[in-house]
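I have placed the structure first, in the form of structure tokens, so that the comments after it can refer back to it.
When reading the values below, keep in mind they use all heavy atoms of this one structure, side chains included, and skip hydrogens, waters and symmetry mates. For reference, positions follow the sequence shown, starting with 1. These numbers come from a predicted model, not from an experiment.
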Amino acid sequence: NRCPPLAVDALRMAHSTVLPTCNSKGYAEIVSLLEDACGRNRDAGSAPKLDGAWIEATNKKAALKLEKLDNDLKNYKANSIKESIRRGHDDLGDHHADCGDFNNALKCYSRARDYCTNSRHIVNMCLNVIRVSIYLGNWSHVSNYVNKAESSLELTEGHDKPAVIATLTKLKCSAGLAELCSRKYKNAARHFLQASFDHGDFPEVSRSIRSSP
């Protein structure tokens with residue numbers, strides 16, 4: 001919608017990106033949009049057809065994996081293994097996110113908080129929540145969890161280590177994006193200037209920056 005001349009290329013990239021995931025709903029939406037875009041552009045070529053067999057197989061695979069992850073988590077809780085429970089919630093969150101169900105992914109990632117035993121776990125939980133909150137467009141949630149993660153990151157040893165700098169960059173870019181989408185441009189610029197782009201690898205943020213107002 002923002003740049004109609006690039007719509008077909010953007011949707012073809014989205015089509016290629018969604019195929020390795022379990023996001024069948026997103027796949028169907030992309031195919032529909034791509035068909036419309038190609039129909040409006042004679043030079044765009046033909047759009048891929050909706051693959052019903054792929055949707056059916058993907059939904060079946062997703063359901064089986066969800067059942068397994070649910071059972072695993074129940075076993076971890078029965079055995080009161082705190083670290084395994086935390087990972088179980090993360091795994092469920094990852095699966096829901098892969099299916100495009102970001103609301104349930106957010107719930108799972110948030111539940112992992114009660115099972116974090118050190119600052120590294122808390123930072124990882126915050127990054128997961130930030131990632132799905134970006135997809136949901138929940139900018140106040142992004143800002144809140146950036147602050148939580150930065151507070152925990154201060155407790156982490158080795159502030160000059162590349163991994164810590166990379167994490168801090170993700171947080172600064174996320175905070176900048178939240179401010180940018182709230183039309184607070186000066187604050188957004190301050191956050192972006194604090195990021196080390198030699199250590200930046202957060203595709204959710206970069207994609208959202210390009211599509212922000």
Side-chain angles (χ1 to χ4, degrees), residues 1-63 65 93-106 109 127-143 145-146 169-189 191-193 195 197-213:
N1 292 333
R2 292 184 181 275
C3 187
L6 296 178
V8 173
D9 288 340
L11 287 167
R12 289 193 189 279
M13 290 177 66
H15 182 267
S16 299
T17 301
V18 78
L19 283 176
T21 74
C22 291
N23 190 354
S24 58
K25 182 179 178 181
Y27 163 77
E29 291 175 355
I30 289 168
V31 170
S32 177
L33 290 170
L34 191 49
E35 287 177 346
D36 291 342
C38 289
R40 293 193 299 267
N41 188 342
R42 295 180 180 178
D43 299 326
S46 60
K49 300 298 181 183
L50 188 69
D51 189 342
W54 182 90
I55 291 176
E56 184 179 355
T58 298
N59 287 342
K60 183 177 180 180
K61 180 176 72 173
K65 185 172 182 180
D94 291 343
H95 180 62
H96 283 304
D98 191 56
C99 294
D101 186 355
F102 299 116
N103 283 308
N104 274 323
L106 180 59
Y109 290 140
L127 286 172
N128 285 332
V129 170
I130 289 167
R131 177 165 54 89
V132 293
S133 295
I134 287 172
Y135 282 123
L136 291 168
N138 189 337
W139 305 118
S140 61
H141 220 50
V142 171
S143 297
Y145 276 84
V146 165
T169 292
K170 291 179 180 181
L171 296 174
K172 294 301 181 184
C173 287
S174 299
L177 176 61
E179 298 286 11
L180 184 65
C181 291
S182 301
R183 299 184 182 276
K184 297 177 182 177
Y185 302 118
K186 187 177 290 186
N187 289 342
H191 286 299
F192 289 137
L193 288 172
F197 287 96
D198 291 334
H199 298 85
D201 183 18
F202 206 12
E204 290 80 10
V205 170
S206 59
R207 284 195 294 265
S208 297
I209 289 173
R210 288 195 289 270
S211 61
S212 60

Check: Could you go step by step and tell me if Y145 and L171 meet the side-chain contact (heavy atoms from CB on, under 4.5 Å) rule?
Finding: CA-CA 9 Å; Y145 276 84; L171 296 174; over 6 Å; no
Next item on the list: Please report the closest heavy-atom contact between P48 and R12, naming both atoms and the distance.
Entry: CD-NH1, 4.0 Å
Checklist line | 4.5 Å side-chain heavy-atom contact, V142 and L177 | finding: no
Item checked: Interatomic distance, C173 atom SG to I130 atom CD1 [nearest 0.5 angstrom] -> 11.5 Å
Item checked: L136 side chain near H141 side chain, heavy-atom distance below 4.5 Å -> no
Notebook entry, point to check: When rounded to the nearest 0.5 angstrom, what distance separates CG in L180 from CG in N187?
Noted result: 11.0 Å
Note to self: When you measure from the side chain of Y135 to the backbone of D101, do you find a donor-acceptor pair of N or O atoms at a distance under 3.5 Å?
What the structure shows: no
Next item on the list: Would you give the length of the straight line joining atom SG of C181 to atom CH2 of W139, rounded to the nearest 0.5 angstrom?
Entry: 4.0 Å
Check: Atom OG1 in T17, atom CG in N23: separation rounded to 0.5 Å?
Finding: 11.5 Å
Next item on the list: Could you go through the side-chain contact (heavy atoms from CB on, under 4.5 Å) check for L11 and H15 one step at a time?
Entry: CA-CA 6 Å; L11 287 167; H15 182 267; over 6 Å; no
Which pairs of donor and acceptor atoms, one on a side chain in residues 24-40, lie under 3.5 Å apart (sequence neighbours left out)?
residue, atom, partner, partner atom, Å
S24, OG, N59, OD1, 2.6
Y27, OH, D51, N, 2.8

Check: Do any N or O atoms from the side chain of D98 and from the backbone of C22 form a donor-acceptor pair under 3.5 angstrom?
Finding: yes
Item checked: Nearest-0.5 Å distance, NE2 of residue H96 to CG of residue L106 -> 11.5 Å
Margin query: Please check: side-chain N/O of H95 versus main-chain N/O of A62, any donor-acceptor pairing under 3.5 Å?
Written below: yes
Note to self: With rounding to the nearest 0.5 angstrom, report the OH to CZ distance, Y109 to F102.
What the structure shows: 9.5 Å
